[in-house]
Amino acid sequence: MNLKRTIGLILVIAGVILGVSKALGSDTQSGDWTIRRSDIPGKVEFSLMDSRAGHHFHTSSEWPATDFSGLDFSKTGRQEVHFTIARDAGKFECEGFLHDGEGAGLFHFVADAKYAQEMKALGFGGIDAEKQWAMAIHDVSLKFARDIKAKNLQGLDTDKLIAFKIHGVTPEFIDAIRAAGVNVSDSDKFIAFRIHGVSPEFVSGIRAAGLNVVDNDKLIAFRIHGVTPEMVRSLKQAGYEPDADNLIAMRIHGATPEWVEDLKKQGYDHVDLDKLIAFRIHGVSPDFIGQLKKLGYAHPEPDQLIAMRIHGVTPDFISSLQSRGMKDLSIDKLVSLKIHGLIDFSGRLQTTQKLANKNYCFGGVLAAPD
């Protein structure tokens, strides 16, 4: 019988045993387990599956191989196995088989009757059977609860302890973040730090690049939007002194260091960061600037470039006017033509009467239509 068929048979047997267990009113929770190899040295992928009261449960994560006392994962061939995984919240009694280090079987979980009382004494109440089951799976030990409580966190409760274990918020992580200079007391912030990758190394890297950020939300936003120490260093080397809001806005709108360097090649190497962000928002690109140069507009002011893009003064628009003999119009006049609607979509001037009504002249001479 091959491995898949054997596992399938075990799962069927597990369902029968689980149903009998419920029918007999047993307090022992039962289900099935599987073990797979992991790419992480010293760990295996351990899965637990359970069906109770019409609800289906499945968890799979990397567990230390040392948690499976007595199992030899290096042994080849098939072996029958019996092992216990002991946690403060309860123990998993497991039996089944391994074949070349992988396998499946049945488990029975027995909750520790004293655990909920001991946790309550530490200040973590509200532990029902379901929560104790989760705390056993994620190994929320009494020592872990004591060590975390000693960090004097705000909003810390039983659910946060479970979330800490799921996301890897350890006492060591808390200490390292604080040692990096970030004053964090909110439990939710530590969870967000782990979810988004705000590590002590990241904080130290940002500071080493010359930016001192102490705002927790800004650090999280940095990771969400991709602000890196390399980006900070690159901008500083280019002569800028970005703050946290500048950096976040630049990443949101795509003002990358490479894009800033392309603007410098077009002669815009001293544009302040707010203007650069406005460039990206309104579409002032190195290519747009290059096209304007070919049309005789060598170096418009940043505000003029932004106004041109806002009001639709495009290279095609300018080229259309120049082809009709209007080659020396200032940027301000080009923008005014667009604002006041004196040009139709084909680039043709409106009627002389309309121009006269607008009192619009070029070099003291009233412009006429074609």
Side-chain angles (χ1 to χ4, degrees), residues 225-226 231-232 234-243 245-370:
H225 297 292
M231 178 183 178
V232 177
S234 178
L235 288 171
K236 283 184 169 290
Q237 290 168 2
Y240 293 101
E241 290 297 330
D243 61 24
D245 290 327
N246 291 147
L247 291 163
I248 294 166
M250 290 180 76
R251 288 299 297 171
I252 288 173
H253 297 292
T256 64
E258 295 78 16
W259 180 82
V260 172
E261 188 62 30
D262 288 341
L263 281 178
K264 287 177 64 177
K265 293 175 183 177
Q266 294 288 356
Y268 292 85
D269 54 352
H270 296 294
V271 182
D272 69 55
L273 292 177
D274 288 334
K275 289 288 195 314
L276 288 178
I277 294 164
F279 275 14
R280 287 297 298 178
I281 291 172
H282 298 293
V284 178
S285 66
D287 180 64
F288 176 73
I289 294 169
Q291 291 183 62
L292 291 179
K293 284 184 179 180
K294 293 178 182 179
L295 293 169
Y297 299 92
H299 199 281
E301 293 296 319
D303 285 335
Q304 290 179 316
L305 290 167
I306 293 168
M308 292 173 80
R309 292 299 294 171
I310 289 173
H311 297 292
V313 180
T314 65
D316 287 343
F317 173 78
I318 297 170
S319 180
S320 177
L321 292 179
Q322 289 182 348
S323 69
R324 289 167 171 77
M326 290 172 283
K327 297 183 179 180
D328 298 316
L329 299 181
S330 69
I331 289 177
D332 290 340
K333 287 181 178 178
L334 289 169
V335 172
S336 292
L337 283 171
K338 274 293 192 178
I339 290 174
H340 296 296
L342 300 179
I343 301 295
D344 65 21
F345 289 108
S346 66
R348 292 173 57 85
L349 283 166
Q350 302 298 315
T351 65
T352 304
Q353 184 60 44
K354 185 173 183 180
L355 287 169
N357 290 340
K358 293 289 185 181
N359 295 317
Y360 203 95
C361 296
F362 299 100
V365 180
L366 184 65
D370 292 349

Check for a donor-acceptor pair, side chain of R280 on one end and backbone N or O of L276 on the other, with a separation under 3.5 Å. no

Given side chains that start at C-beta, do those of F279 and P286 come closer than 4.5 Å, heavy atoms only? no

Can you tell me how far NE2 of H253 sits from CD1 of I277, rounded to the nearest 0.5 angstrom? 7.0 Å

Hey, what do you get for CG (L321) to CG (D328), rounding to the nearest 0.5 Å? 12.0 Å

Does S336 use its side chain to pair, donor to acceptor, with the backbone of D332 at less than 3.5 Å? yes

Closest heavy-atom contact between G283 and R309? O-NE, 3.1 Å

As a quick check of understanding, evaluate side chain to side chain donor-acceptor pair (under 3.5 Å) for Q291 and D287, giving each step before the final call. CA-CA 6 Å; Q291 291 183 62; D287 180 64; 2.8 Å; yes

Please report the C-alpha distance between I318 and M308 in whole Å, then the side-chain angles of each, then the deciding distance to 0.1 Å, and finally whether the side-chain contact (heavy atoms from CB on, under 4.5 Å) criterion is met. CA-CA 11 Å; I318 297 170; M308 292 173 80; 3.8 Å; yes

Could you pull out the closest heavy-atom pair between D269 and Y240, with the gap in Å? O-OH, 4.0 Å

Which atom of W259 lies closest to which atom of S285, heavy atoms considered: NE1-CA, 4.4 Å

Distance col, row I306:CD1 vs H282:NE2, nearest 0.5 angstrom, shows 6.5 Å

Of the non-hydrogen atoms in Y297 and L334, which two are nearest, and what is the gap between them? OH-CD1, 3.5 Å

Before you tell me yes or no, could you show the steps for D243 and N246 under side-chain contact (heavy atoms from CB on, under 4.5 Å), namely the whole-Å CA-CA distance, both residues' side-chain angles and the distance that decides it to 0.1 Å? CA-CA 5 Å; D243 61 24; N246 291 147; 3.0 Å; yes

Separation of H225 NE2 from L247 CG (nearest 0.5 Å): 12.0 Å

Please determine whether side-chain contact (heavy atoms from CB on, under 4.5 Å) holds for the pair I331 and V313, giving the CA-CA distance in whole Å, both sets of side-chain angles, and the decisive distance to 0.1 Å. CA-CA 9 Å; I331 289 177; V313 180; over 6 Å; no

Could you check whether atom NZ of K327 has more than 12 heavy atoms from other residues, nucleotides or ligands sitting under 6.0 Å from it? no

Can you find a pair of side-chain heavy atoms, one from V271 and one from L263, that are under 4.5 Å apart? no

Would you find a donor on one side and an acceptor on the other, under 3.5 Å apart, between the side chain of Q322 and the backbone of L295? yes

S320 backbone acceptor or donor facing S323 side chain under 3.5 Å: yes

Heavy atoms of Q266 and H299 approach each other most closely as O-CD2, 4.3 Å

What's the spacing between I339 CD1 and I310 CD1 if we round to 0.5 Å? 9.5 Å

Provide the closest heavy-atom pair for G312 versus K338 in the form atom of the first, atom of the second, distance. O-CE, 3.2 Å

